[in-house]
Amino acid sequence: MLYSYLINPTHASHRLSDVAARFSDQPLQETGERELTEAAHAVETLTPVLRDDVNALNEREVYETIDLPLAPVLLRMEKEGVRIDSAVLNSMSVTLGAEIERVGEEIFARSGHRFNIQSPRQLGDVLFNKMGLPRPLKYGKGKVVSTAQDVLEELAAHNEVPRMVLEYRQLAKLKSNYVDSLPLLADAEGRVHTTFNQVGTATGRLSSTNPNLQNIPIRTELGREIRAAFIAAPGCQLLSADYSQIELRLMAHFSGDPLLTQAYKTGQDIHTLTASEVFGVPAGQMSKETRNRAKAVNFGIVYGISPFGLAAQLGIDQHEARLYIETYFERYKGVRAFIDRLLDETRREQRVKTMFGRVRPIPDIQSRNANLRGFAERTAVNTPLQGTAADLIKLAMIRIDTKLADRKLQSRMTLQVHDELLFDVPHAEVDEVRELVQSELEHVIELNVPLVADVGVGANWRDLKS
DNA sequence: CTCCTCACG
DNA sequence: ACGTACGTGAGGAGA
């Protein structure tokens, strides 16, 4: 919100916003005199308007203590870049290309048709018309029958082709999005330089473009191979520090819920606790599966839970999901009370705020359209959590940047991935910087529960050891 | 250009 | 009855 009022095209003239967009996305060396003149004019014209907006929304605090001092930090991170091993990626490209070819031929053979697997329209035609696989009931609404992941996973029970399509898609995605594109963007030192957009999200998070370095794979083994190609600078180690469950800890802090607060104060496993409370399974004899279902419930709380969403996530029916949610709120009474208060305030004010006063308008909270209102309510719950987490890591980044400079350290902060920071750290500085970064993250502000940051160090972004 | 899909937190 | 989990960005298809 802050930045949407700062630079958002919808709030400025198209001409000026175009200039601002072009300017912000371009290296200074490649910016000509004419563009600089236009940019200067844009700044001169926009400044008084935007300053008034910031004042009107009482966003001076968040602007002056967080977003303004963060800007030069982000600039340094962009210029520093992240080192990649292009040889590793180029070799992966060859392997992936062969795999894609092989799986593609297999799909053609098993389905009995040759078609463009990457076309959802052609794929849907083959699966549902030509092969006669069961059309998903709930996804028949649009023009094209959905062939999204969850649909194909359902179909995998009936036929082997959907599973092969999912594999094909995974391989194609990794190849085109990361393996083939990143080496093209590396500079002479093998470093890639993202652009952080500080003024593009609704919650106050950063985003990362050209390339997006905030969505580098990690969740699958094959994806993690790509992370291994992100390597330390010569003479350095990579150091990564990430917050543990910061949004749920903020829920504990904001709500003051006794059970949640006590759990974090005593270092309990929160997903195991939720599983015991909601599913009634004793912590001692709990399966991974049960804990994972509880983890989905906890995620749901942060997202602004709904029976529909939880049901879809867990693959259960909505009535069962509703029971889980009711049980959750009976156990975590303070969480329910907090959400009730928050929604009341949002209905009155038609906006939510983060801990540092970052504002997001939620006009749809008053809508007579239940669908829009539902969106608005979930947004109202999620934004203070996601947005405050964004405030906190930004503040920590500013302080870390200052301390690294004050102590004349050669370590460099290179990336932010929402709840994680990445650094290039000379071997001799590892112990000191590990301590510095962890401490700044964990003590960035005092809450009524501890903030916990985990730190890992290694030669690449995949093989980190605490 | 929009839509679909899927990578991340 | 309806129908979405919150927040992003990128590549490919198809118009």
Side-chain angles (χ1 to χ4, degrees), chain A residues 1 115-124 137-152 165-166 168-182 185 194-197 200-220 222-224 226-227 242-248 251 296-315 318 321 325 352 360 362 364 369-387 389-390 393 415-421 461:
Chain A
M1 179 52 197
F115 60 101
N116 185 346
I117 300 163
Q118 307 218 80
S119 162
R121 195 170 176 166
Q122 293 181 37
L123 176 63
L137 301 173
K138 40 191 174 167
Y139 293 96
K141 42 186 186 274
K143 210 186 230 177
V144 188
V145 180
S146 171
T147 63
Q149 203 161 347
D150 54 342
V151 173
L152 294 191
V165 170
L166 287 173
Y168 182 97
R169 282 199 183 145
Q170 186 198 12
L171 299 171
K173 183 109 180 177
L174 295 178
K175 184 170 189 289
S176 76
N177 244 349
Y178 308 101
V179 173
D180 287 348
S181 68
L182 287 173
L185 297 169
T194 189
T195 301
F196 289 108
N197 188 348
T201 68
T203 57
R205 276 190 175 181
L206 302 177
S207 73
S208 161
T209 60
N210 187 25
N212 181 357
L213 294 183
Q214 291 181 323
N215 72 345
I216 303 304
I218 190 172
R219 293 175 185 174
T220 68
L222 183 63
R224 268 199 292 278
I226 290 166
R227 255 178 208 235
D242 68 289
Y243 276 121
S244 166
Q245 299 169 355
I246 186 171
E247 290 168 352
L248 216 43
M251 177 59 95
V297 173
N298 284 330
F299 268 100
I301 293 302
V302 171
Y303 290 159
I305 203 161
S306 72
F308 192 94
L310 183 63
Q313 185 63 39
L314 291 182
Q318 253 182 90
I325 294 168
V352 290
R360 180 174 186 180
I362 316 269
D364 286 348
N369 179 329
N371 203 9
L372 288 182
R373 201 170 58 243
F375 267 119
E377 288 171 355
R378 293 191 295 278
T379 302
V381 172
N382 175 262
T383 297
L385 302 171
Q386 186 183 127
I393 196 167
L415 264 191
Q416 189 252 43
V417 191
H418 311 306
D419 66 355
E420 174 186 11
L421 296 174
W461 204 5

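Each chain gets a letter, A, B and so on, in the order the sequences are listed, and its residues count up from 1. These numbers come from the heavy atoms of this one structure, side chains and all, not from hydrogens, waters or symmetry mates.
- When the C1' atom of C:dG11 is taken as reference, atom CG of A:Asn177 falls 6 Å away, rounded to whole Å.
- Here the side chains of A:Leu123 and A:Arg121 are not in contact, with every heavy-atom distance at 4.5 Å or above.
- Using a 4.0 Å heavy-atom criterion, one finds that A:Leu206 contacts no nucleic acid atom at all.
- Spacing between atom CD1 of A:Ile117 and atom P of B:dT5 amounts to 15 Å, rounded to whole angstrom units.
- A:Gln313 approaches A:Ala296 most closely through the heavy-atom pair CG-CB, 4.0 Å.
- The gap from the C1' atom of C:dG3 to that of B:dC8 amounts to 26 Å, rounded to the nearest Å.
- For A:Phe375, the listed nucleotide lying nearest its side chain is C:dC6; candidates were B:dC6, C:dC6, B:dT5.
- A:Gly300 comes within contact range of at least one nucleobase, with a heavy-atom separation under 4.0 Å.
- A:Gln245 has no side-chain polar atom (N or O) that falls below the 4.0 Å cut-off from OP1 or OP2 of B:dG9.
- As rounded to the nearest Å, C:dT4 and B:dC3 have P atoms that lie 15 Å from one another.
- Considering only heavy atoms from C-beta on, A:Leu222 comes within 4.5 Å of A:Leu171 through its side chain.
- Which of C:dC6, B:dG9, C:dA13 sits closest to the side chain of A:Asp419 comes down to B:dG9.
- In this structure the side chain of A:Asn382 reaches within 4.5 angstrom of the side chain of A:Val302, judged on heavy atoms.
- The distance between atom CG of A:Asp180 and atom C1' of B:dA7, rounded to the nearest whole Å, is 15 Å.
- Judged purely by distance below 3.5 Å, without hydrogens or angles, the side chains of A:Ser207 and A:Gln214 never pair a donor atom with an acceptor atom.
- Nucleic acid contact class of A:Gln122 (heavy atoms, under 4.0 Å, all strands): sugar-phosphate only.
- Taking the side chain of A:Asn382 as heavy atoms from C-beta on, and the options C:dG7, C:dA13, C:dA10, the nearest nucleotide is C:dG7.
- With contacts defined as side-chain heavy-atom distances shorter than 4.5 Å, the pair A:Ile226/A:Val179 qualifies.
- Remark: P of C:dA1 and CG of A:Asn369 are 17 Å apart, rounded to the nearest angstrom.
- Between the CG atom of A:Leu123 and the C1' atom of B:dC6 there is a distance of 14 Å, given to the nearest Å.
- Note on A:Ser119: a side-chain N or O is less than 4.0 Å away from OP1 or OP2 of C:dG14.
- Remark: A:Arg373 is not positioned above the aromatic ring of A:Phe375, lacking an NZ or CZ atom under 6.0 angstrom from the ring centre and at most 45 degrees off the axis.
- Contact annotation: A:Asn116 reaches the phosphate of C:dA13 (side-chain N/O to OP1 or OP2, under 4.0 Å).
- Side chains of A:Ser208 and A:Thr194: a donor on one and an acceptor on the other come within 3.5 Å.
- The nucleotide whose nearest atom lies closest to any side-chain atom of A:Arg360 is, among C:dC6, B:dG9, C:dG7, C:dG7.
- Taking atom C1' on both C:dC2 and B:dA7, the two are 31 Å apart, rounded to the nearest angstrom.
- Of the candidate nucleotides C:dG3, C:dG11, B:dA7, B:dA7 has the atom nearest to the side chain of A:Lys173.
- Residue contacts shown for A:Leu310 include a base, since a base heavy atom lies under 4.0 Å away.
- One side chain, A:Arg169 or A:Thr147, offers a donor N or O that lies under 3.5 Å from an acceptor on the other.
- In the set B:dT5, C:dG11, C:dG7, the nucleotide with an atom closest to the side chain of A:Ala148 is B:dT5.
- A sub-4.0 Å separation between OP1 or OP2 of B:dG9 and a side-chain N or O of A:Arg205 is absent.
- Of all heavy-atom pairs between A:Gln118 and A:Tyr168, the closest is CG-CE2, 3.9 Å.
- Looking at which nucleotide of DNA chain C each of A:Ser207 and A:Gln118 is closest to, the 5′-most match is held by A:Ser207.
- The side chain of A:Ser176 sits closest to C:dG11 out of C:dG7, B:dC6, C:dG11.
- Distances shorter than 4.0 Å separate some side-chain N or O of A:Thr379 from OP1 or OP2 on C:dG7.
- With rounding to whole Å, A:Leu415 atom CG is found 15 Å from B:dC8 atom P.
- Residue contacts for A:Asn212: at a heavy-atom cut-off of 4.0 Å it reaches the sugar-phosphate backbone alone, with no base atom in range.
- Contact annotation for A:Glu420: no contact, since no heavy-atom pair falls under 4.0 Å across all strands.
- Among B:dC8, C:dC6, C:dT8, the nucleotide with an atom closest to any side-chain atom of A:Pro217 is B:dC8.
- Between A:Thr147 and the phosphate of B:dT5, there is a side-chain N or O to OP1/OP2 separation shorter than 4.0 Å.
- Nearest nucleotide to the side chain of A:Thr203, out of C:dG11, C:dG7, B:dC8: C:dG7.
- Both key distances under 3.5 Å define a Watson-Crick or G-U pair, and stretches of 3 or more such consecutive pairs in DNA chain C run B:1-9 with C:6-14.
- Note on A:Ala311: nothing from the nucleic acid sits closer than 4.0 angstrom, heavy atoms only.
- A donor-acceptor contact under 3.5 Å is not formed by the side chain of A:Arg121 with the base of C:dG14.
- In this structure, A:Val417 reaches the sugar-phosphate backbone alone: every heavy-atom distance under 4.0 Å involves primed, P, OP1 or OP2 atoms, never a base.
- Phosphate contact (OP1/OP2 of C:dT4, side-chain N/O of A:Gln313, threshold under 4.0 Å): absent.
- When heavy atoms are screened at a 4.0 angstrom cut-off, A:Arg169 is found touching the sugar-phosphate backbone but no base atom.
- A:Ser146 has no side-chain polar atom (N or O) that falls below the 4.0 Å cut-off from OP1 or OP2 of B:dC4.
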